[in-house]
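Naming: A, B, ... by sequence-line order, numbering from 1 per chain.
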Protein chains: 2
Amino acid sequence: MIKKNSPIPIYYQLGETIKELIEKGELKPGDVLPAEREYAEMFQISRMTVRQAFTQLVNEGYLHRIQGKGTFVAERKPKIEQALQGLTSFTEDMEARGMKPGSQLVSFEIIPATSLIAKQLGIQEYGPVYEIKRIRLADHMPMALETNYISANFIKGLTEKIVNQSLYSFIQEQLGMKISHATQVIESSIASELEAKYLQIQPGAPVMLIQRNTFLKDGTPVELVKSSYRADRYKFMIQLNR
Amino acid sequence: MIKKNSPIPIYYQLGETIKELIEKGELKPGDVLPAEREYAEMFQISRMTVRQAFTQLVNEGYLHRIQGKGTFVAERKPKIEQALQGLTSFTEDMEARGMKPGSQLVSFEIIPATSLIAKQLGIQEYGPVYEIKRIRLADHMPMALETNYISANFIKGLTEKIVNQSLYSFIQEQLGMKISHATQVIESSIASELEAKYLQIQPGAPVMLIQRNTFLKDGTPVELVKSSYRADRYKFMIQLNR
DNA sequence: AAGGAATAGTTGTCTATACCAATTGATATG
DNA sequence: CATATCAATTGGTATAGACAACTATTCCTT
């Protein structure tokens, strides 16, 4: 399990091992871990090395320590990861609110990028871009009208079928890209005729416009999402820790 | 400078000392710090203890290390601190947008807490609460209508004069309390008669409602702020890193 | 002049040990 | 029965030293 003659540091190996146990569910939130001294003896390594592994996981939000009692699996997932989840996936957002998410495809096209979209996606003007329009449902009622823009050269093999599943997990898992950060712009507006029709509200009723740009670690834009949420059904919530 | 027989841990003393140097500007972004072994010899402490101090500051975003080269003062302030700044102070928010912030007091009262307010401030119902209503200006034009609620037992000595300065810095600097986290709820709505009057817009025009709850480290609520922003002038922007 | 080897200085990892501080539960005591 | 004390167990702090990995410089060889 732990290789002492590996170029990978022991504390790192141990840390990853514990992370896996947590993610597999073998260690559940609130569980107490074996004591530092136990790990040290178990793997025949120094207690300080165990502490180095623990400390890193504490900093990442996986564990918390209580002097005299023990080290425990944290109740919540790491805060940064949590924040991004809420931002990236409509599905998970709705599930967190106790509602059943759904989706209804309005249109699925490849269009030439307008200058504004091209700029935001970091591609050439008139370059091919997927434009995916969907009505987002919560408990079978319209919650938002969402339009995704993704460079067709960047993400290949997108089909209507995939769109019915999670676009976000397709990007992340199938293409092996890891989204590192996102910007959101939120503004308040009133529903246009078109929005009103799709959202089943009156024209002029308040809506919340959310524009999200997501990026890879190196700053490459991944996608652009413009959404109109029904103000009577949706509140945007955010918690900033520390 | 470093007291070895203090109940305060040496690594913590050293960390705070270095933080002060950075905040005073004696150590500037990009500067290289004395080597770990130098610190160890300078204060007659173990190199591992120095490392513990450094590691903490690295995690907090004050320093970054490069193996073989040295330890450097980070270029930017810690991101978490940065994020909270933008959230907590209307003044700083407007300045960041290149606008001149202003304030116009509407009312300043001590009222008995409603059950909702009492619950959010963690006090007894009907307990005394400052209710501070202000029109927030940007470039001399109304931007938002803001109402603060603060427990009068918790924060004493609040006067109308103080309100004209920064309420946030009063709490933090004068009272020595450090705000650790905040939750925000953002929703979209349309202006009531009253809001329209204060914001100089038409009733029925879109507004953005922002409710912010701020807390100390131990979870004690500090204040509750309800704001109505003019949708034609204000967009809420947020960046999530990692 | 170019390239490589040696070297010194840096942070990174790891060990083994010691004692302190907080919590818990068992035990003795009133 | 309540309470004080003690012992065991836990994480927290600190030491001293060793070697690895990486960087930059210097100096030597070609």
Side-chain angles (χ1 to χ4, degrees), chain A residues 1-19 21-22 27 29-75, chain B residues 1-19 21-22 27 29-75 217-218:
Chain A
M1 212 179 212
I2 300 285
K3 294 175 187 171
K4 299 196 70 167
N5 290 342
S6 163
I8 300 166
I10 295 174
Y11 78 91
Y12 186 81
Q13 293 181 51
L14 178 55
E16 292 301 309
T17 303
I18 294 173
K19 272 191 203 174
L21 290 179
I22 293 174
L27 283 172
D31 281 3
V32 61
L33 271 73
E36 295 171 353
R37 288 173 178 85
E38 276 189 57
Y39 270 112
E41 194 175 2
M42 193 190 314
F43 296 116
Q44 288 296 298
I45 57 180
S46 165
R47 183 184 157 217
M48 289 302 289
T49 303
V50 178
R51 277 188 70 77
Q52 193 172 0
F54 277 29
T55 299
Q56 184 131 333
L57 296 196
V58 167
N59 284 328
E60 292 174 10
Y62 288 94
L63 304 179
H64 66 101
R65 296 197 264 218
I66 302 178
Q67 183 175 151
K69 293 188 72 170
T71 303
F72 304 83
V73 178
E75 294 296 338
Chain B
M1 214 176 210
I2 299 285
K3 294 176 188 171
K4 299 196 69 167
N5 291 341
S6 164
I8 300 165
I10 295 173
Y11 79 90
Y12 186 81
Q13 293 181 51
L14 177 56
E16 291 301 307
T17 303
I18 294 172
K19 271 190 202 174
L21 290 178
I22 293 174
L27 282 172
D31 281 3
V32 62
L33 271 72
E36 294 171 353
R37 286 181 178 81
E38 275 189 59
Y39 270 112
E41 194 174 4
M42 191 189 317
F43 296 116
Q44 287 297 298
I45 57 181
S46 164
R47 184 187 154 217
M48 287 303 288
T49 302
V50 177
R51 276 188 72 76
Q52 195 172 357
F54 277 30
T55 300
Q56 184 132 334
L57 296 195
V58 167
N59 284 327
E60 292 174 10
Y62 287 94
L63 306 178
H64 66 102
R65 297 195 264 217
I66 302 177
Q67 183 176 154
K69 293 188 74 171
T71 303
F72 304 84
V73 179
E75 294 296 337
K217 194 177 182 182
D218 62 1

*Asks:* Give a yes/no on whether any side-chain N or O of B:R51 is located under 4.0 angstrom from OP1 or OP2 of C:dG12.
*Replies:*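 B:R51 to C:dG12 OP1/OP2: side-chain N or O found under 4.0 Å.
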*Asks:* Start with the C-alpha gap between A:Y39 and A:L33, add the side-chain angles, then the distance that decides, and say whether side chain to side chain contact (heavy atoms under 4.5 Å, CB included) holds.
*Replies:* CA-CA 9 Å; A:Y39 270 112; A:L33 271 73; 4.1 Å; yes
*Asks:* From CZ of A:R65 over to C1' of D:dT10, roughly how many Å is that when rounded to an integer?
*Replies:* 12 Å
*Asks:* Within residues 41-49 of chain A, which residues have any heavy atom lying less than 4.0 Å from an atom of DNA chain C?
*Replies:*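 Only A:I45, A:S46, A:R47, A:M48, A:T49 qualify.
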*Asks:* How close do A:F43 and A:K4 get, heavy atom to heavy atom, and via which atoms?
*Replies:*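 For A:F43 versus A:K4, the nearest heavy atoms are O-CD, 4.4 Å.
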*Asks:* Test of understanding: with side-chain hydrogen bond (donor to acceptor under 3.5 Å, both in side chains), list the residues that count as partners of A:R65, not counting sequence neighbours.
*Replies:* A:E36, A:T55
*Asks:* For A:H64 and A:A74, which heavy atoms make the closest approach, and how far apart are they?
*Replies:*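 What the structure gives for the nearest pair is CD2-CA, 3.9 Å.
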*Asks:* Whether B:R47 and B:E41 form a salt bridge (side-chain N of Lys/Arg under 4.0 Å from carboxylate O of Asp/Glu) is what I want to check.
*Replies:* no
*Asks:* So, the side chain of A:Q13 versus the backbone of A:K3: is there a donor-acceptor pair under 3.5 Å, distance only?
*Replies:*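 Yes; at least one donor-acceptor contact below 3.5 Å.
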*Asks:* Is any side-chain heavy atom of B:V50 closer than 4.5 Å to one of B:I45?
*Replies:*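 Result yes, sub-4.5 Å side-chain heavy-atom pair found.
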*Asks:* For B:E36 and D:dA21, give me the distance from atom CD to atom C1', rounded to whole Å.
*Replies:*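 It works out to 14 Å between those atoms.
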*Asks:* Does any non-hydrogen side-chain atom of B:Y62 lie less than 4.5 Å from one of B:V73?
*Replies:* no
*Asks:* Aromatic ring centroids of B:F54 and B:Y11 under 6.0 Å?
*Replies:* no
*Asks:* What nucleotide among C:dT10, D:dG11, C:dT13 has an atom nearest to a side-chain atom of A:Q52?
*Replies:*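 For A:Q52, the side-chain atoms sit closest to C:dT13.
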*Asks:* Distance check needed: D:dT23 C1' versus B:F72 CZ, whole Å only.
*Replies:*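 One finds 10 Å between C1' of D:dT23 and CZ of B:F72, rounded.
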*Asks:* Closest-nucleotide mapping onto DNA chain C: is B:I66 or A:Q13 further toward the 5' terminus? I mean the 5' end.
*Replies:* B:I66
*Asks:* Take the protein atom CD of A:Q67 and the nucleotide atom P of C:dA22, then report the distance between them rounded to whole Å.
*Replies:* 6 Å
*Asks:* In whole angstrom, give the distance that lies between atom CD1 of A:I2 and atom P of C:dT15.
*Replies:*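 For the pair A:I2 CD1 and C:dT15 P, the rounded distance is 11 Å.
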*Asks:* With a cut-off of less than 4.0 Å, is there a side-chain N or O of A:K69 near OP1 or OP2 of C:dT24?
*Replies:* yes
*Asks:* Between D:dG12 atom P and A:N59 atom CG, what is the distance in whole Å?
*Replies:* 12 Å
*Asks:* Does A:R37 make a side-chain N or O approach to OP1 or OP2 of D:dT9 shorter than 4.0 Å?
*Replies:* no
*Asks:* Among residues 3-11 of chain A, which contact DNA chain C at a heavy-atom distance under 4.0 Å?
*Replies:* A:K4, A:P9, A:I10, A:Y11
